[in-house]
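Working notes, beginning with the structure itself.
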Protein chains: 2
Amino acid sequence: MWMAELSARSGCSVPTIKYYLREGLLPAGEATGATRAAYDDTHVRRLRLIRALTEIAGLRLETVRQVLHGIDHAESWHEAVGSAHTRLGASPGDDTPPTQASLARVDGMLARQRWELAPGHPQAVQLARALDALDGVGHPVSDRLLDLYAAAMRPVAAHEVLSVLEIADTDVEASVEAAVVGTLLQEPLLLGIRRIAQENVSRGLAEESAET
Amino acid sequence: MWMAELSARSGCSVPTIKYYLREGLLPAGEATGATRAAYDDTHVRRLRLIRALTEIAGLRLETVRQVLHGIDHAESWHEAVGSAHTRLGASPGDDTPPTQASLARVDGMLARQRWELAPGHPQAVQLARALDALDGVGHPVSDRLLDLYAAAMRPVAAHEVLSVLEIADTDVEASVEAAVVGTLLQEPLLLGIRRIAQENVSRGLAEESAET
DNA sequence: GACATTGGATAGTTGTGCTGTCCAATATTG
DNA sequence: CAATATTGGACAGCACAACTATCCAATGTC
């Protein structure tokens, strides 16, 4: 298909597609001449993925490019997820080191869960910085809450990883994409359900106290 | 304290503080003369909250303003959380209606969890749109995963709401802020722990398969 | 051979979140 | 009381991200 059809099928305007090509987010089509290139379904999928990562996961194009690069160059699916996680760890330009106290709390949580993470791992650092930030606004979280989060996420993560594994047998490339998409694009799902759960607990308690 | 001290204590530059004042994010100090105004600890706290909401929760200033307005005007803490949730539901300018199929799936999940949500509630709409987006990129999620998310979030939400309630007895205003902060600023914590859990499950399986 | 489309290059636009500058009115200090 | 410093207020400017628009020569297509 030509540019016009790619635009129609992906929902992106032609200038936007050209912009993504320039920025290296979308691989060039197969050149069939000096002024013509052919695109296929992989380009349509890639465009939809870019839009999803920016609009839903809220990633910036620079981050999207790194994530896509990870998808394209990963040898295995868990390498891809690790790469995506690393890219997402820190917002660019923010290299404030976390406090030792928060790092220790993260290590403690990991130990209690019998989870292992290399010291100085981006995820641990990021988590420690989040703890610092909550301290900074005067709303520190308890270790109990961290453990609760960990306990809640354990079965979720297990299910997610296993469902990606099922695809990995038949199509490694697809499983890499599924892993990254699953991690990033399902975040709003999880958070949305958390909010709904909070509202229900909250309403339940409000009605309860109204009865007394 | 004067402007200079407020700047030093909050970590925001004077022009930035002036900007927030102009934008209505920070209440004006008490005017002690035509060219002087006194600020107090509430202003320091408010500034730190603004920075946390933008830098950590990734909210735009327009959204921060609405959230702060909700905090300041809420009668009760669950009203504040509801208001904050509503503000966060949709990205501005994005009013694509979800498909009926996804709305039905959300309703089904709510019914299975015995959760109640008014029809057309922003949270349900938002969740349905997230499901549509995942379908759009060719990675639909199963009802099983939704249920798993819900089951995982149930105890989390219960604990979070209860810990806010404990404060509510002594200080309603503080509990309102705690509810909003807890909902928004603890999101990175939850997601970070989920990523760590995924990596551990993934690494465990990778080692396991390496042994065979 | 006329006409539309493409790729490539370049410049312009919009929105967001600050920053910088200026000034008159005041405090503060000596 | 005078010199100096600081403040609030208004306004313009800047940097970045993500497009969007325009132009053009080469090339397909009919």
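This is a predicted model, so every value here is computed, not measured. All chains are named by letter (A, B, ...) in the order of the sequence lines, taking the proteins before the strands, and each is independently numbered beginning at 1.
Positionally, the nearest nucleotide of DNA chain C for E5(A) lies more toward the 5' end than for the other of E62(B) and E5(A). Place R36(B) and R36(A) on DNA chain D by their nearest nucleotides, and R36(B) ends up nearer the 5' end.
For R60(B), the listed nucleotide lying nearest its side chain is dG17(C); candidates were dT20(D), dT19(C), dG17(C). Looking at the side chain of T35(A), the nearest of the listed nucleotides dT6(D), dT6(C), dG8(C) is dT6(C). Picking from dT20(D), dT5(C), dT19(C) the nucleotide with the shortest atom distance to the side chain of S13(B) gives dT19(C). For P15(A), whose side chain is taken as the heavy atoms from C-beta onward, the closest listed nucleotide among dG17(C), dA21(D), dG7(C) is dA21(D). The side chain of Y39(A) sits closest to dG7(C) out of dG7(C), dA21(D), dT6(C).
For dC18(C), one of the phosphate oxygens OP1 or OP2 lies less than 4.0 angstrom from a side-chain nitrogen or oxygen of R51(B). Between Y20(A) and dC19(D), a side-chain N or O to OP1/OP2 separation shorter than 4.0 Å is present. Side-chain N/O atoms of T16(A) include one lying less than 4.0 angstrom from OP1 or OP2 on dT20(D).
Nucleic acid contact for R65(B): none, since no nucleic acid atom lies under 4.0 Å from a heavy atom of the residue. Contacts of A37(B) with the nucleic acid, taken as non-hydrogen atoms under 4.0 Å apart, involve only primed sugar atoms and P, OP1 or OP2. Nucleic acid contact class of T32(A) (heavy atoms, under 4.0 Å, all strands): sugar-phosphate only.
Salt-bridge annotation for E199(B) and R203(B): absent, with no side-chain N of the basic residue lying under 4.0 Å from a carboxylate O of the acidic one. Remark: E187(B) engages R195(A) in a salt bridge, criterion side-chain N to carboxylate O under 4.0 Å.
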**Q.** side-chain hydrogen bond (donor to acceptor under 3.5 Å, both in side chains) between Q186(A) and H139(B), worked out
**A.** CA-CA 10 Å; Q186(A) 287 169 17; H139(B) 291 277; over 6 Å; no
### Task
Begin from the C-alpha positions of D72(B) and H69(B) and carry the test side-chain hydrogen bond (donor to acceptor under 3.5 Å, both in side chains) through to its verdict.
CA-CA 5 Å; D72(B) 292 337; H69(B) 186 269; over 6 Å; no
Exercise. Decide side-chain contact (heavy atoms from CB on, under 4.5 Å) for Q113(B) and I193(A); before the verdict, give the C-alpha distance in whole Å, the side-chain angles of both, and the deciding distance to 0.1 Å.
Key: CA-CA 11 Å; Q113(B) 297 294 325; I193(A) 289 177; over 6 Å; no
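At a cut-off of 3.5 angstrom, counting only N and O atoms as typed in the model, there is a donor on one side and an acceptor on the other between the side-chain of R22(A) and the base of dT20(D).
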